[in-house]
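Scroll down for the structure; my scribbles are underneath it.
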Number of protein chains: 2
Amino acid sequence: MDSRSDASPSRVDDLLCFLVHSTGAAFNRVYRKPLERLGLTYPQYLVMLTLWTDDALSVGQIGDRLRQDSNTLTPLLKRLEGLGFVTRTRSAADERRVVVRLTAEGRRLRESVAEVVGCVRETVGLDEGDLAQLMERIRSLRDNLDAAAAMTPPR
Amino acid sequence: MDSRSDASPSRVDDLLCFLVHSTGAAFNRVYRKPLERLGLTYPQYLVMLTLWTDDALSVGQIGDRLRQDSNTLTPLLKRLEGLGFVTRTRSAADERRVVVRLTAEGRRLRESVAEVVGCVRETVGLDEGDLAQLMERIRSLRDNLDAAAAMTPPR
DNA sequence: GTCGTATAAATCGTACACGATAGGATCGCA
DNA sequence: TGCGATCCTATCGTGTACGATTTATACGAC
């Protein structure tokens, strides 16, 4: 009920949604150059991270972890396949599934990446405690938004 | 120097960059449906917000506020023009500039939007103090990232 | 006044995001 | 055993995002 509860906020930079949006873009900018040296985009890097943790995942399993669907992942995975970092094969047990596996080169990439993660970790400029707290708040914010979006929109 | 300082994090969901990224997507999902009723996408909505605050801005001024460049904004503004919400006219004083102005219909849209902002504000589930603190932390995070990206990347 | 430089917007190519839909495989159950 | 519902991936269309380049205008030093 305060003075700005309804009127348009004075600046987009005073909106939480815009701050989150632009901070995501800023992360992207920081990651772009070092990843480019490895031949990866940021979304491709996220897929590689996922496979370095658990290899041989289906498209859907990767999508669960990254919160995206096959319409985004299929072309992205084909590019990673074209780059020689993963293979895509139909599962014999369930022909509906496509299993994505790291190649030797894909596994090798993991070492080159350690420095990328490390250098970004420093630029965020937060100590362990603040980082953990910030992450927890953002996660809970995201969960609230997800829950709101999941409600069948009234009408 | 702790145990996870170098190895790949166990899950993308434990990375700050991914949390920010996916929270931005979650905001987008929440906004999508109500904005769709107005005929706007989320980035278009950000442009409208900017113009509701300051009308008659050049493409570059809009870009300063939204942190994007003409390569993204030009086609987006042409769509808003096609929808009848803005006009785009070359400035007489400086023929390089294109000035974007709200139409009557574009101004009218502002009222329909109040409820959108209000309903999203509730779903974030934070009180005034927490919201302000979270926003300040994210802003400072973004500034750190911007500063890092601005450094001419060594080698 | 002329020329080089800076600035503003537009254009181009590639990659993501995402709603909607299609097509094939699997499963459950009558 | 057959058949409808469900699941999984792929495809399509539209709308961003963004680096690199292009074109046109403005400005400053001379």
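Just so it is clear: chains get the letters A, B, ... in the order the sequence lines come, proteins before strands, and each one is counted from 1.
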Give the rounded distance in Å between these two atoms: [atom1] of [X] and [atom2] of [N].
X     : N      : atom1 : atom2 : answer
B/R79 : D/dG13 : CZ    : P     : 16 Å
A/E36 : D/dA20 : CD    : P     : 7 Å
B/L76 : D/dC18 : CG    : P     : 13 Å
B/D64 : C/dA9  : CG    : C1'   : 13 Å
A/Y31 : D/dA17 : OH    : C1'   : 19 Å

Ignoring backbone atoms, test whether [X] places a side-chain nitrogen or oxygen under 4.0 Å from the OP1 or OP2 oxygen of [N].
X     : N      : answer
A/Q61 : D/dC8  : no
A/R88 : D/dA10 : yes
B/T74 : C/dT11 : no
B/S70 : C/dA9  : no
A/R97 : D/dC8  : yes
B/R32 : C/dG19 : yes
A/K78 : C/dA15 : no

Report the relative orientation of the aromatic rings in A/Y45 and A/Y31; use parallel for angles under 30°, tilted for 30 to 60°, perpendicular for over 60°. tilted
Comparing A/D94 and A/T72 on DNA chain D - which has the more 5′ nearest nucleotide: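 Its nearest nucleotide being more 5', the pick is A/D94.
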I want to confirm an ordering. Mapping A/R29 and A/S58 to their closest nucleotides on DNA chain D, which one lands closer to the 5' end?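 Final value for this comparison: A/S58.
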So if I take every side-chain heavy atom of [X] and compare against [options], which nucleotide ends up nearest?
X     : options                : value
A/P43 : C/dA17, D/dA17, D/dT16 : C/dA17
B/Q68 : C/dA15, D/dC18, C/dA10 : D/dC18
B/R90 : D/dA26, C/dT11, C/dA9  : C/dA9
A/N71 : C/dA10, C/dA25, C/dC18 : C/dC18
A/R96 : D/dC18, C/dA15, D/dT6  : D/dT6

If only atom types and distance count, is the side chain of A/S58 paired as donor or acceptor with the main-chain N or O of A/Q61 below 3.5 Å?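 Yes; at least one donor-acceptor contact below 3.5 Å.
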Are any side-chain N or O atoms of A/S22 and backbone N or O atoms of A/L19, one a donor and one an acceptor, separated by less than 3.5 Å?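 Present.
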Decide whether B/V20 and A/V12 are clustered together by the hydrophobic rule: side chain heavy atoms of Ile, Leu, Val, Met, Phe, Trp, Tyr closer than 4.5 Å, transitively. yes
Under 3.5 Å, is there an N or O donor on one side and an acceptor on the other linking the side chain of A/D69 and the base of C/dG19?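 In this structure, the two groups form no donor-acceptor pair.
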So what does A/L73 touch, heavy atoms closer than 4.0 Å: a base, only the sugar-phosphate, or nothing?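 A/L73: no heavy atom of the nucleic acid under 4.0 Å.
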Looking at B/R90 and B/E95, is any side-chain nitrogen of the basic one under 4.0 Å from a carboxylate oxygen of the acidic one?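 The answer is no: the pair does not qualify as a salt bridge.
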B/D13/B/R11 ion pair, N-O < 4.0 Å: no
